[in-house]
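Source: prediction; values computed, not measured.
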Amino acid sequence: MLFMIVEHFRNGDPIPVYRRFRDRGRLAPEGLHYISSWVDEKLERCFQVMETVDRELLDRWISNWSDLVEFEVHPVMSSKEASERIAPLL
């Protein structure tokens, strides 16, 4: 399953987040896969896509960062999957 993660850097400060990432890496448990990410121009939010079959792995990853980041988690699907799901209803 794919998840769109919206990370809001606490106090709008990306420095502690990037420092931890530099020093310790992504801190993702085995089985949680990073797909891609984008950061807004103000460096206040990160939009990240992660993939896993076990939501618990995502929650463990979030706990590694929750002191620095507030999270929104949105299960998502590809546009192709959405088209296939909606096609019978058209």
Do you reckon [X] sits in the same ILVMFWY cluster as [Y], going by side-chain contacts under 4.5 Å, direct or chained?
X   : Y   : answer
L58 : M1  : yes
V39 : F71 : yes
L2  : W38 : yes

I'd like to check [X] versus [Y] (side-chain heavy atoms, cut-off strictly below 4.5 Å). Are they in contact?
X   : Y   : result
I35 : Q48 : no
S37 : F47 : no
E7  : I5  : yes
H74 : V6  : yes
V73 : I62 : yes
R20 : L27 : yes
P29 : W61 : yes

Closer than 3.5 angstrom, by distance alone: can the side chain of [X] be matched with the main-chain N or O of [Y] as a donor-acceptor pair?
X   : Y   : answer
E81 : S78 : yes
R10 : S66 : yes
T52 : G31 : yes
D13 : I15 : yes

*asked:* Under 4.0 Å between a side-chain nitrogen and a carboxylate oxygen: does that hold for R19 and D23?
replied: no
*Taking 4.0 angstrom as the limit, do K80 and E84 come out as a salt bridge?*
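The answer is yes: the pair qualifies as a salt bridge.
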Quick check for you: to the nearest 0.5 Å, what is the distance between [X] atom [atom1] and [Y] atom [atom2]?
X   : Y   : atom1 : atom2 : result
D54 : R60 : CG    : CZ    : 7.5 Å
Y18 : L68 : OH    : CG    : 12.5 Å
S79 : I86 : OG    : CD1   : 12.5 Å
N64 : D59 : CG    : CG    : 11.5 Å

*Answer yes or no: are there more than 12 heavy-atom neighbours, outside N11 itself, under 6.0 Å from its atom CG?*
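12 or below, so no.
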*What pair of heavy atoms forms the shortest contact from F21 to W65, and how long is it?*
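For F21 and W65, the tightest heavy-atom pair comes out as N-CH2, 3.6 Å.
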*Could you pull out the closest heavy-atom pair between C46 and F9, with the gap in Å?*
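Of all heavy-atom pairs spanning C46 and F9, the closest is CB-CZ, 3.9 Å.
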*Please walk me through it: do V17 and V69 pass side chain to side chain contact (heavy atoms under 4.5 Å, CB included)?*
CA-CA 8 Å; V17 175; V69 176; 3.7 Å; yes
*Evaluate the side chain to side chain contact (heavy atoms under 4.5 Å, CB included) criterion for residues H33 and M50: first the C-alpha distance (whole Å), next the side-chain angles of each, then the deciding distance (0.1 Å), finally the verdict.*
CA-CA 6 Å; H33 305 284; M50 304 288 276; over 6 Å; no
*Within 45° of the six-membered ring axis of Y34 and under 6.0 Å from that ring's centre, is NZ or CZ of R26 located there?*
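Yes, a cation-pi geometry.
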